[in-house]
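Please read the structure below before turning to the comments.
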Amino acid sequence: MKIFEPIEIKGMKVKNRIGMAPFANMPRGEDGSVNELTIRWFEERAKGGTGLIVAAPISISTLAMNPATRERTIRSVGTPFYDERHLVGYEKLAEVMHSYNVKIGPQIVGGGPMAGGQGPSPTPYPDEKHVKDDIFDVQLMRMPAKELSVEEIEQHVHDFGIVAAKMKAAGMDFVEIHCTHGAASLLSSFVSPFYNRRTDKYGGDWEGRLRFPIEVIKEIRKAVGEDYPILIRISADNLLGERGVTIEDTTNIIVPAFEKAGVDCIDASMGSYSHSTEGIIIPMYYPRGHFIYCSAAVKQVTKLPVIGVGRIVDMEMAERFIEEGKADIIHMGRQTTADPETPKKYFEGRPEDIRKCIGCVNQTPEGGICGRPCAINYDIQDEPIPLTPAEKPKKVLVIGSGVGGMEAARIAALRGHKVTLMEKDSELGGMVAALALTKLTSEFRNIVDYLATQMRKLKVDVRVCKEATVADVEELKPDVVILAAGSSMVIPEVAQGKPGVMNHIEACRRQREIGQKVVIWGLVATELAISLAEEGKDVIMIGRGGEDTLARDAPWARRYWLLRRLTDVNTVRETPETTRLTNPEILYYVDVEDITPEGIKIATKDGDKKIFPYDTLIISRERAANDSLFEELQGKAPEVYKIGDCSQVADIHKAIWDANEVARKI
Ligand SMILES: Cc1cc2nc3c(=O)[nH]c(=O)nc-3n(C[C@H](O)[C@H](O)[C@H](O)COP(=O)(O)O)c2cc1C
């Protein structure tokens, strides 16, 4: 199978076809240097079987840095190149990677209009036209950016060459030029007519707009010599239609031009950070492998090795894409965070042990983009509690098989404890398994499947349809009880006992009972609302809050996507997935006054009264911890803990974290 086979990029032999995509937020020292944590971060991936690693970007110079945001920029996009001290870190990193026969190289970036504050730009940004147009992420894009002078462009070209030479000297196997993701990088914003409205030799037609990246390629080649691999990352499709770079522009013009200029490999990403969550770091709402068409198209026009990327979380898919000739190497990004051992487990013939990314786009309190932390991988943080064999194997009872309960059972069993898991329902997975039944959030199933498989493999004594009682605990006599009984939706008094009322979780489980006219009370269950509307139901969402409370709990990339569908947030590219929906209808500042056989009686902020006839009323508001057993169990076992929603209502991340913090210590 090709996925196991080595591949050469300009004489550099990569041992297999799985790469790690560049992540801006690898751990670094305060001053941006590569330190022990950075090395451990990549070593995890190297041990995990990845053949090629594109390390996080190095910013070419402080020219790209606004003094006000300089510190932040250094931490996220790396060391200013002139600081020689930092090369030692890269030397050590190269040495460690080579001990695993892994090839590593940094991505080199000149930050673009988005680089923060006064980020450099081809043309002043945003200009009148952009503001009037349809900028999607208005907040991000209103950052003023300053136009680069010709002297500054020449300085950048020169700097790219210097950084590349230093990285080669430090033992890095290759460099990758960051010419992707629209406003994120200077080079890609020069290529795109959407950002580049210059009239001098660096703007205008294709020749003008490609001049800057081509000069960079040639400068790097001069600096590193003929035999050293230069990769370039592009957005094969800007997702801006004719106004940006189209896939045809990429295949007809850009790839041939870059190849002629001397690059050795094309890394085909897609999108632009600022316009669309469909590109770059797509959330779970898009199909896996969503932008493999980009690398597939590039492969048609070049003999150079081509890298494909984009929500590829299963190795079978990676393998298929390679076999079908859609890419020569598959990059995994977030998947290497969810499970750094993904390739290794597959190569060892145990794909069922892979913890697949759920595409939540960092549903953690830290927010931001994924990587550190990760909602489902506790070990990815800088200082996890180590997983060590238990000093004395204990009898552990876990009550509740949501993701927190199963994770606690997994960790306890891995440490050598004897674990029993009791679940009151007939299936494992609790609330997360229920949410996974909704089309838009079906990727949640990944974590449930992984944990359920581990229960079997670790021989956890799983008892379903078994609601744990104090008597059970007295009979089983466990040394440790971990209560992970989750939470329940609170049904407002006015809705209690009324026909057709379900809570959100019941609605996910009993979708066939949902009628045609659906009212969802609460503005958080947007994914369920859209999924039901897409099935043809007439859906109305009502809530007490305003627009700012809509999809409030979703991480930013998901929230933008949801708002784009449900509100009038601007969007540049209309696709079936991004079209503004009128169903579900959303009503803000609404109080429910009564529920009668006629319907739901509501009052608006202005005091208007309305009645909505309904078949099903879905409640998705507050949740309350199912913790009543906790007090009752005190004194019934030597150690009693509660974790996840049962200790404080939150999310998957908290459930997984709590589970580890308890199960690694018992
Ligand atoms: C936290 C994070 C940081 C990223 N930083 C960069 C970056 O600096 N340069 C880049 O080209 N892509 C960056 N990306 C995009 C990834 O390299 C990758 O293309 C993207 O995540 C899609 O792959 P995936 O679905 O396998 O995660 C980043 C993605 C994430 C999640």
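Predicted model, so just to flag it, every value in this text is computed and none were measured. Counting starts at 1 for both ligands and their atoms, following the listed order.
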Cationic N near anionic O, under 4.0 Å, Lys299 to Asp328: yes

N/O separation below 3.5 Å, Pro22 to ligand 1: yes

Results of salt bridge (Lys or Arg N to Asp or Glu O under 4.0 Å) for Glu348 - residues two or more places apart only: Lys344, Arg350

Ligand 1 atoms in contact with His181 (distance to a heavy atom under 4.0 Å): 10 (C), 11 (O), 12 (N)

Proximal candidate to atom 21 (O) of ligand 1 [heavy atom criterion; set Asn362, Ile281, Ile330]: Ile281

Close side-chain approach of Ile307 to Cys265, heavy-atom, < 4.5 Å: yes

Test of proximity, Ser269 against ligand 1: N or O pairs below 3.5 Å: no

Numbered atoms and elements of ligand 1 in range of Ile280, under 4.0 angstrom, heavy atoms: 15 (C), 20 (C), 22 (C)

Ligand 1 atoms in contact with Asn25 (distance to a heavy atom under 4.0 Å): 1 (C)

Within-4.5 Å side-chain heavy-atom neighbours: Thr342 and Thr336: no

Short N-O contact, Arg558 and Asp553, less than 4.0 angstrom: no

Sub-3.5 Å N/O-N/O distance, Arg233 and ligand 1: yes

Interfacing atoms of ligand 1 (cut-off 4.0 Å, heavy-atom, His178): 9 (N), 10 (C), 11 (O)

Backbone of Phe174 reached by a side-chain donor or acceptor of Tyr228 within 3.5 Å: yes

Asp379: side-chain contact (heavy atoms from CB on, under 4.5 Å) partners, not counting sequence neighbours: Asn377, Pro384, Arg664

Side chain, backbone, both or neither: Gln335 near ligand 1, heavy atoms under 4.0 Å: neither

Any N/O pair Gly333/ligand 1 closer than 3.5 Å: yes

Distance-only side-chain donor-acceptor flag, Gln335 / Asp339, under 3.5 Å: no

Test item, Gly310 contacting ligand 1 (heavy atom, 4.0 angstrom): yes

Atom indices of ligand 1 within 4.0 angstrom of Arg334 heavy atoms, with elements: 24 (P), 25 (O), 26 (O), 27 (O), 31 (C)

Per-atom contacts of ligand 1 with Thr180, taking only distances under 4.0 Å to non-hydrogen atoms: 11 (O)

Beyond-backbone contact of Lys166 with Tyr90, side-chain heavy atoms, under 4.5 angstrom: no

Pro57 and ligand 1 - part of the residue with a heavy-atom distance under 4.0 Å: side chain

Side-chain heavy atoms of Val102 within contact of Lys47, under 4.5 Å: no

Numbering as shown, the atoms of ligand 1 that approach Ala24 to under 4.0 Å (heavy-atom distance): 3 (C), 4 (C), 5 (N), 6 (C), 7 (C), 8 (O)

